[in-house]
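Encoded as structure tokens, the structure appears first; notes follow it.
These numbers were taken from a predicted model, which means no experiment stands behind them.
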Amino acid sequence: MTRDALAAALFSMEATLADTRRNIASVERRMRDHAEAETIRSRPKARHYHRRMSRWTGADEAEYRRILDALAGVMTAELAQLGRKAERQDRAIEVLRCKYGVNAPRPRISIY
């Protein structure tokens, strides 16, 4: 494998790994957003406070955690599958780097 082909393959693999990590972050963000929306919907506020004061109470936080735990139980399989996929991709990149003796640091591809 030529240096250019190796660099292209490694870059493609790193981009795919970043996409997988982006998907994991997206699933986690959707869970948090859904839990927050459900908490707000299920616990309406009767009065308004000063604009600098939070209206989020301890009971709201407990309800949010309960809903988030329930969603995590439902989404466990999808998150585990994506986590295993990311691990496999990471190992494949490391194997290729070791096989061809690539010592350069791995590029940082943003997942956000």
Residues 81-89 side chain polar contacts: donor-acceptor under 3.5 Å, at least two apart:
unit_1: Q89; atom_1: OE1; unit_2: T20; atom_2: OG1; d: 2.9
unit_1: Q89; atom_1: NE2; unit_2: T20; atom_2: OG1; d: 3.3

Are L17 and L6 linked, directly or through intermediate hydrophobic residues, by side-chain heavy-atom contacts shorter than 4.5 Å (ILVMFWY only)?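 Yes, L6 and L17 fall within the same hydrophobic cluster.
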Could you work out, with side-chain contact (heavy atoms from CB on, under 4.5 Å) as the rule, every residue matching F11, not counting sequence neighbours?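 Expected list: I109.
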Using side-chain contact (heavy atoms from CB on, under 4.5 Å) as the criterion, list what pairs up with R65, not counting sequence neighbours.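 E61, L68.
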Inter-residue atom distance I24.CD1 - R29.CZ, 0.5 Å rounding: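 Answer for the CD1-CZ pair, I24 versus R29, is 12.5 Å.
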Quick check: closest heavy atoms across R43 and A59, and the distance to 0.1 Å?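 For R43 versus A59, the nearest heavy atoms are NH2-CB, 3.2 Å.
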Which heavy atom of L71 sits nearest a heavy atom of M31, and at what distance?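 Taking every non-hydrogen atom into account, CD1-O, 3.5 Å.
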Could you list all the salt bridge (charged side-chain N to carboxylate O under 4.0 Å, His left out) pairs where at least one residue sits in residues 2-18, not counting sequence neighbours?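 Checked against salt bridge (charged side-chain N to carboxylate O under 4.0 Å, His left out) - neighbours excluded - the pairs reaching residues 2-18 are E14-R106.
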Using the test side chain to side chain donor-acceptor pair (under 3.5 Å), find all partners of T57 that sit at least two apart in sequence or belong to another chain.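 Once residues adjacent in sequence are excluded, the partners of T57 under the side chain to side chain donor-acceptor pair (under 3.5 Å) criterion are D60.
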Side-chain contact test, heavy atoms from C-beta onward, threshold under 4.5 Å: evaluate it for V102 versus L96 and give yes or no.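 Side chain of V102 against side chain of L96, heavy atoms only: no contact under 4.5 Å found.
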Which side-chain N or O atoms in residues 34-41 pair as donor and acceptor under 3.5 Å with protein atoms at least two apart or in another chain?
unit_1: E38; atom_1: OE1; unit_2: R41; atom_2: NH2; d: 3.1
unit_1: T39; atom_1: OG1; unit_2: A35; atom_2: O; d: 2.8

Between the side chain of S26 and the main-chain N/O of R22, is any donor-acceptor distance below 3.5 Å?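 No; judged by distance alone, with no hydrogens or angles, the pair does not exist.
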So, using salt bridge (Lys or Arg N to Asp or Glu O under 4.0 Å) as the criterion, who are the partners of R66 when residues are at least two apart?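 For R66 the salt bridge (Lys or Arg N to Asp or Glu O under 4.0 Å) partners, ignoring immediate neighbours, are E63.
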